[in-house]
Amino acid sequence: MTASRAALARDSLQLKITSQQVRLGGQEYRVISPAKPLKNGALYKTRSSYDMFVDRADGRRIGALWLLAARSPRSLVYLPTRTAAMELGIDFDREEKPLDLVLAHQAVQFRPSLWKKLRARIKAGNAPREVRTASVPERDLPAETREINYVAPSDPAHRNLLQQHVFAETLFLTGSTTAFREAAPHIFTVTKEGPPAAATQLYISGGCNYHVCRSIYLRPDLRAHNAEQFHVEFCPPWSR
């Protein structure tokens, strides 16, 4: 390894991904996914928010994928989180359901209504896929983000809120490079602050004995009655 490549590796977040090129409706799409299943990264929708549980390892992988989405204006980043949500053993009622997650840079201009067909093609047994290591420079992760006045739509920072759509059991979050980069630190903060407390305190999901979480605010769509928060909570590993 050359000196420059060694320096890049030290200052980068690296993760194994699969990359697939899929043609649909005359357009070709690149779909990026984690190479290994997310065993401890679950997402589900409640009445008022989208709730994601992460442990340290998968939380860092998910955070890196958000930064990768910021750097991939021609790709869809697909996180199959529904399986992990079921492994978590949540007792879903009619108001709560597990969801997959797709992070789409606004430059892709992908219509969520096409997702069901596209997902079937990338999951086909004979679908070609490339496994490789992706590197995201750590400098892409902002040290901190400016507080947004969420009740004032005139705040210029509102343009950096992620747009939400739910289709085919999948939450689509669409936005600019800045939007994904400003959201990613919240995920990394949960993975950093969660483990030390988990080692010494009783874990109660949503309880006061131990709770580490952050909220990523989304652009609301009042006509669709969508949630306005993407809530990320640290959860010790629940599957082996």
Side-chain angles (χ1 to χ4, degrees), residues 38 40-55 58-59 62-63 65-66 69 77-104 106 112-113 115 145-155 157-176 178-191 193-194 197-198 203-236 238:
L38 294 168
N40 299 307
L43 173 66
Y44 67 98
K45 186 182 187 303
T46 66
R47 294 181 181 180
S48 59
S49 66
Y50 301 103
D51 288 0
M52 171 167 274
F53 289 115
V54 298
D55 71 351
D58 274 352
I62 291 170
L65 287 164
W66 282 61
V77 178
Y78 169 43
L79 288 72
T81 49
R82 274 187 301 156
T83 301
M86 299 306 293
E87 290 181 0
L88 178 57
I90 297 173
D91 184 18
F92 296 105
D93 60 25
R94 288 178 297 177
E95 300 295 334
E96 300 174 338
K97 61 179 181 179
L99 296 172
D100 284 337
L101 178 62
V102 170
L103 309 175
Q106 61 189 19
S113 59
W115 174 244
T145 58
R146 184 174 74 85
E147 185 65 26
I148 298 175
N149 184 357
Y150 295 102
V151 298
S154 60
D155 187 334
H158 269 253
R159 66 176 179 269
N160 291 327
L161 295 182
L162 293 162
Q163 182 67 55
Q164 56 179 305
H165 298 281
V166 175
F167 193 86
E169 300 177 297
T170 304
L171 170 64
F172 289 82
L173 295 181
T174 305
S176 64
T178 300
F180 283 113
R181 285 182 180 171
E182 290 189 352
H186 298 294
I187 302 174
F188 282 98
T189 296
V190 169
T191 66
E193 295 183 359
Y203 172 78
I204 300 177
S205 177
C208 59
N209 293 57
Y210 165 67
H211 187 79
V212 175
C213 69
R214 290 294 185 276
S215 290
I216 299 170
Y217 287 85
L218 307 175
R219 188 176 302 168
D221 185 347
L222 300 180
R223 293 171 300 177
H225 302 288
N226 285 336
E228 298 183 20
Q229 291 188 39
F230 186 96
H231 176 259
V232 186
E233 179 181 335
F234 179 79
C235 180
W238 58 81

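Note that CZ of F230 and CG of L171 are 6.5 Å apart. Values are rounded to the nearest 0.5 Å. To the nearest 0.5 Å, atom CG of residue L65 and atom CG of residue L101 are 9.5 Å apart. Interatomic distance, SG of C213 versus CZ of F53, reported as 10.0 Å (0.5 Å rounding). The CD atom of E169 sits 12.0 Å away from the CG atom of L43 when rounded to the nearest 0.5 Å. Note that the CG atom of D51 and the OG1 atom of T46 stand 4.5 Å from one another [nearest 0.5 Å]. Atom-to-atom distance recorded for R219:CZ and E228:CD is 12.5 Å, nearest 0.5 angstrom.
For the pair D55 and D58, the tightest heavy-atom approach, listed with the atom from each and the gap, is OD1-N, 2.9 Å. When all heavy atoms of Y217 and L161 are compared, the pair lying nearest together is O-CD2, 3.5 Å. Nearest heavy atom pair, residue A184 against residue G63, reads CB-O, 4.2 Å. Taking every heavy atom of both residues into account, P112 and F167 meet most closely at O-CD2, 3.2 Å. Residues L218 and Q164 share a closest heavy-atom pair of CB-NE2, 3.9 Å. Between I187 and V232, the closest heavy-atom pair is CG1-CG2, 4.2 Å.
The side-chain heavy atoms of D100 and W115, taken from C-beta on, include no pair separated by under 4.5 Å. Using a 4.5 Å cut-off on side-chain heavy atoms (C-beta onward), W66 and I216 make contact.
Side chain of T170 to main chain of A168: a donor-acceptor pair is present (N/O by atom type, distance under 3.5 Å, no hydrogens or angles). Counting only distance, with no hydrogens or angles, the side chain of T191 and the backbone of F234 share no donor-acceptor pair below 3.5 Å.
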Practice problem: Carefully, step by step, assess L173 and Y50 under the rule side chain to side chain contact (heavy atoms under 4.5 Å, CB included). | Solution: CA-CA 11 Å; L173 295 181; Y50 301 103; 5.8 Å; no
